[in-house]
Chemist: 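Pasting a structure below so you can have a look.
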Amino acid sequence: MTTILIKNGYLITMDAEDHCLYSDLLIENDSIKQIESNIQFQADKTIDAEGKLVLPGFVQAHIHLCQSLFRGQADDQNLLQWLLTITTLESHHTPETLYASARLGLAEMIKSGATGVIDMGTLHHQDSVFRAIEESGMRAQAGKAMMDLTENLPPALQETTEDSVRESVDLLHRWHGKANGRIRYGFAPRWQLWNTEGLLKEIKQEADQHAAGIHGHAGEIQDEVPQMLRDRGFRNLKYLEHIGVVGPNVQMAHCIWLDEAEMAVLEQTGTHVLHCPCCNLKLGSGIAKVPEMLARGINVALGSDGTPSNNNYDMFIEMRFASLIHKYRLGADAMPASSVLRMATSNGAKALSLGEDGLGSLEAGKKADLIILDDGGLRAAPLPDFVRDDPIRRIVSAYQSTSVETSIIDGQLVMEEGRLLTMDEEQVLADARQAWETITKKATLSR
Ligand SMILES: [Zn+2]
């Protein structure tokens, strides 16, 4: 049995009643054992959190670890140009470069407060991503990208339906439930226009059978709508409902270009929405109707998308954008900080855990995935008292990722006082530079 005692912190619990309180918190193995003031217990590790905030870790609900090396490589391109640039770079990955890419992304995310991710890989070498996740200590749903309808792309970006499903199911058997259940498999059909109906139906059966996820993109750009109507006879979410690929184990990124009937599908089926405000602005895709979704009870989580569509994996920046971009249309009281922090924490946890109730708040019995923030320093000052000055507003609108001091995932310390414990940061950076060299050489030779 291993135990960690966090003393004297101010806890933002994100429980159903939004309790915030000064308290101690005791972790036993992978779970929160006790939340009480003045716990007297000789733990294996004691952390003094006086003057600091303790809250559930962020869930980066839509990312592509395979793209971390491509930061800045497709700036000022719309989605269709962007896809061609990035998928071509993806096609040059080796197992080693993909491992370096995943480690770079994971390091950046742990340092900015993420304790969970929902990742979509590239076509091949997905074991490298899982290995990096396992070693990093991150909680994750991940899976290889599935693209069985891409005859216009280079051969390296094509696969048959049979191969795509077989390779995905093999990966599921190797990785689903590994690392004390910290790793979950998520089938990752890239987007409906690049996947056959047969593939989508088959993976829904597999996902249901194994309690795995399905993670895709839907309604990201306006041009998708007429193409879906022409090729499939329905708009995105109505199509997914028609073929049965909806429900609490389905997560769809973006969901910008939806009509009323598609919103109703999300509401009625418990399908999760993964909102990526920076990416959607950067690529000029549009702004999802998130306040309306939340008002209908749709679960909306928050993510950065891949680094080249952002260009970072920083949840503080994502929260800031999510809090601001809806106010222009709906008024200054739209998207209060508490809603935004909920999207970044408990809503993400709900998407990541496929609706199971073991993640996303500081409560006895829940998994110990949490972060400790400093008092925000100059950026959050003056903040003399957490009770009177509402740190939630400051976390969303003033804090930066440099305030993340400590991270605990599944009861394991992965970062302490700003230092990664599961990865050598200098090595991660050196390996990323080397991997990018390898990819640029391969890209140049293939021209
Ligand atoms: Zn994406």
Side-chain angles (χ1 to χ4, degrees), residues 59-75 77-91 93 98 101-102 105-106 108-109 114 116-123 126 129 140-147 150 153 157 186-195 200 213-224 236-237 240 250-258 271-288 290 300-315 317-318 321-322 343 348 351-352:
V59 174
Q60 275 279 6
H62 178 65
I63 55 154
H64 300 263
L65 288 168
C66 60
Q67 296 170 2
S68 308
L69 301 175
F70 311 149
R71 197 190 313 262
Q73 296 304 317
D75 288 357
Q77 297 180 4
N78 70 35
L79 181 69
L80 297 177
Q81 301 165 313
W82 184 100
L83 268 173
L84 193 61
T85 306
I86 295 304
T87 50
T88 303
L89 286 169
E90 278 180 27
S91 74
H93 263 310
L98 186 54
S101 177
L106 289 161
E108 183 186 355
M109 284 187 281
V117 302
I118 300 177
D119 181 63
M120 177 182 289
T122 184
L123 239 67
Q126 179 65 25
V129 175
Q141 177 195 300
K144 81 167 223 76
M146 307 181 82
M147 295 156 64
T150 52
L153 294 183
L157 302 175
F187 291 92
R190 196 138 188 171
W191 63 333
Q192 283 56 261
L193 294 166
W194 283 1
N195 288 114
L200 293 166
I214 295 180
H215 173 208
H217 301 94
E220 182 172 2
I221 56 171
Q222 194 168 13
D223 285 352
E224 253 178 279
N236 250 300
L237 265 298
L240 290 170
V250 179
Q251 311 123 350
M252 285 291 151
H254 308 306
C255 293
I256 298 166
W257 297 96
L258 307 189
T271 305
H272 306 278
V273 173
L274 316 176
H275 179 40
C276 306
C278 291
C279 161
N280 298 154
L281 294 179
K282 186 186 170 193
L283 275 72
S285 304
I287 297 177
V290 170
V300 184
L302 200 56
S304 294
D305 212 336
T307 41
S309 50
N310 194 302
N311 287 337
N312 62 51
Y313 281 136
D314 186 332
M315 192 58 102
I317 296 175
E318 226 57 52
F321 272 76
M343 286 204 299
L352 175 63

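Start at 1 and go down the list; that is how both ligands and their atoms are numbered. Keep in mind that the numbers below use all heavy atoms, side chains included, and drop hydrogens, waters and symmetry copies.
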Chemist: Verify the ring-centre separation between His217 and His62: is it less than 6.0 angstrom?
Modeler: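 Yes.
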Chemist: Looking at the Zn ion (ligand 1), is one of the N, O or S atoms of His217 less than 2.8 Å from it?
Modeler: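 Short answer: yes, at least one N, O or S atom is under the cut-off.
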Chemist: As a test of understanding, state which of Arg190, Gln141, His272 forms a side chain to side chain contact (heavy atoms under 4.5 Å, CB included) with His215.
Modeler: Gln141
Chemist: Would you say that Asn280 contacts Ile287 through its side chain, given a criterion of any heavy-atom pair below 4.5 Å between the two side chains?
Modeler: no
Chemist: Are His275 and Phe321 an aromatic pair by the rule of ring centers under 6.0 Å?
Modeler: no
Chemist: Determine which of the N, O or S atoms in Asp305 is closest to the Zn ion (ligand 1) and give its atom name.
Modeler: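 Of the nitrogen, oxygen and sulfur atoms in Asp305, the Zn ion (ligand 1) lies nearest to OD1.
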Chemist: With rounding to 10 degrees, what does the angle His62:NE2 / the Zn ion (ligand 1) / His64:NE2 come to?
Modeler: 100°
